[in-house]
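Shown next, in structure tokens, is the structure this report addresses.
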There are 2 protein chains.
Amino acid sequence: METPAPATERPDDAPATATSKSAQTRQRILDAAAEVLSRKGYAGTRLADVAAVAGVQAPAIYYYFSSRDDLVEEVMWVGAHLVRLHVEEVLAALPDATPMMDHLMVAVDAHLRFELQLSDYATASIRNAGHVPEQLRVRPAAEEALYSRLWRDLFVAAQQAGEVRADLDVNVFRLLLLGAMNWVVEWWNPRTRSLDELVATAQAMVRNGAAAR
Amino acid sequence: METPAPATERPDDAPATATSKSAQTRQRILDAAAEVLSRKGYAGTRLADVAAVAGVQAPAIYYYFSSRDDLVEEVMWVGAHLVRLHVEEVLAALPDATPMMDHLMVAVDAHLRFELQLSDYATASIRNAGHVPEQLRVRPAAEEALYSRLWRDLFVAAQQAGEVRADLDVNVFRLLLLGAMNWVVEWWNPRTRSLDELVATAQAMVRNGAAAR
DNA sequence: GGTGAAATCTAATAGGATTTAGAAACATGG
DNA sequence: CCATGTTTCTAAATCCTATTAGATTTCACC
């Protein structure tokens with residue numbers, strides 16, 4: 001549920017320790033915003049709700065963020081950022097000789113588990129990407145572009161290695177796959193379905209759907 | 001100040017001609033709402049915007065709908081309803097001996113083309129399904145359940161016919177597929193990508209991803 | 001043309017949410 | 001324990017938009 005302090009942006013010019021009381025409160029507010037945003041969406045998220053979850057009064061938020069939209073934008077950016085970091089990390093840990101198709105399998109696993117278990121930020125970011133005002137999308141969109149590129153590179157490499165069918169349109173396939181995984185937040189219920197099975201099925205969809213014969 | 005036509009469902013018992021001035025205006029407002037909702041989402045849709053697109057003043061909307069939420073709910077319901085009708089229609093036109101896998105291919109084609117080309121209602125319905133307040137989801141959700149069942153039946157039949165791998169979890173696969181197709185509205189741009197190619201790739205994803213060897 | 005209902009408009013109301021203002025509590029170093 | 005800056009609160013202002021009220025136009029039909 002809670003995401004460990006990921007140095008949300010840059011340490012700014014604040015010389016104080018990253019775990020000072022102030023920084024902690026800011027983090028609590030940000031976490032609360034991610035949680036509420038992931039559950040209720042942009043429209044349904046009121047500052048009073050966020051404040052309640054964070055254990056402060058609504059106006060306290062303005063000590064750390066200049067506006068509601070500023071807070072939302074940061075949650076979205078952090079969400080996109082964390083997913084990318086997580087997947088990159090997991091991929092980097094693979095042995096050098098790992099086949100490209102296995103890279104894809106691992107990426108699918110990492111994306112889904114992170115999105116569903118580890119991060120309200122990821123869920124908030126995914127669910128609200130297309131629902132916030134234009135001006136809030138600029139910074140998060142840059143992160144998403146980097147993430148997109150990561151997947152594109154995976155697919156292109158897999159195709160060049162002959163592990164993915166040469167006649168497959170990997171760009172469209174990739175967008176469909178990311179859509180399938182992103183949409184999971186709209187229907188997945190941990191009570192009724194096992195995460196393992198979901199991951200396995202998504203992996204099968206890629207392996208069988210894209211693999212060369 | 002009485003509402004001329006049944007504000008909620010179809011003009012079943014409406015005595016007046018279906019194309020009366022009144023019915024036309026109501027339709028114009030509904031169309032406008034679908035258009036704005038599909039573009040700006042639930043949060044970003046203001047009655048003033050809808051009214052502007054429909055060519056009336058905002059209060060005129062209240063002559064036909066009892067509230068903003070009532071209007072939104074109807075758009076959502078119509079969206080879900082139309083997609084289902086369209087796909088059912090296309091499937092019904094198939095020759096009796098058509099293999100089940102071809103049923104699936106046709107359904108994928110119909111869903112995507114309808115969603116992307118024909119209907120702001122479908123787009124509005126898809127994009128906002130998880131973003132409107134609970135109370136607005138009841139009626140649309142019933143439609144979606146019917147649509148879900150349609151797909152479930154397709155997959156189950158295909159699996160029983162031996163055209164889909166026996167070990168595939170068709171429920172999860174179906175939800176992933178519908179997610180992939182629904183999410184398309186978030187990224188598809190008719191200018192930069194051909195719809196034909198999108199459809200072909202989605203079909204390939206199902207055919208190769210699910211087919212028995 | 002006159003008449004009444006239907007349809008739409010202008011102008012005002014109302015309620016909820018963000019956002020400011022300014023005071024109180026808190027911490028921290030001298 | 002005092003002084004000073006930081007953090008948070010209460011109370012109030014402001015803004016935005018749905019909604020209502022009431023007036024006005026449109027239009028079918030006598």
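When reading the values below, keep in mind they use all heavy atoms of this one structure, side chains included, and skip hydrogens, waters and symmetry mates. A note on names: the letters A, B, ... follow the listed sequences, proteins ahead of strands, and every chain is numbered from 1. Given the structure is predicted, the values throughout are model-derived calculations rather than measurements.
The cationic group of B/R174 does not satisfy the cation-pi geometry with B/W151, failing either the under 6.0 Å distance to the six-membered ring centre or the 45° limit from the ring axis.
By the side chain to side chain contact (heavy atoms under 4.5 Å, CB included) test, B/Q135 pairs with B/P133, sequence neighbours left out. Here A/L146 pairs with A/R84, A/E143 under the side chain to side chain contact (heavy atoms under 4.5 Å, CB included) rule; sequence neighbours left out.
Look at CG on B/L71: it is 10 Å from P on D/dT19, rounded to the nearest Å. For the pair A/Y63 OH and D/dC9 P, the interatomic distance rounds to 13 Å; values are reported in whole Å. In this structure, the CD1 atom of B/I61 is 14 Å from the C1' atom of C/dA7, given to the nearest Å. Whole-Å rounding puts the B/Y64 OH to C/dC9 P distance at 10 Å. In this structure, the CZ atom of A/R26 is 17 Å from the P atom of D/dT6, given to the nearest Å.
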Handout entry: B/S/- contact track for nucleotides 10-22 of chain C, protein heavy atom under 4.0 Å
Key = BB-----SSBB--
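Applying the 4.0 Å criterion to OP1 and OP2 of D/dT7, one finds that A/T25 has every side-chain N and O outside that range.
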Practice task
Show your reasoning for whether side-chain contact (heavy atoms from CB on, under 4.5 Å) applies to B/F114 and B/T123.
Solution key: CA-CA 9 Å; B/F114 190 76; B/T123 307; over 6 Å; no
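A donor-acceptor pair shorter than 3.5 Å cannot be found between the side chains of B/Y62 and B/D70.
Ring geometry for A/F173 against A/F155 counts as perpendicular: the plane angle is over 60°, on a 0 to 90° scale with 30° as the lower cut.
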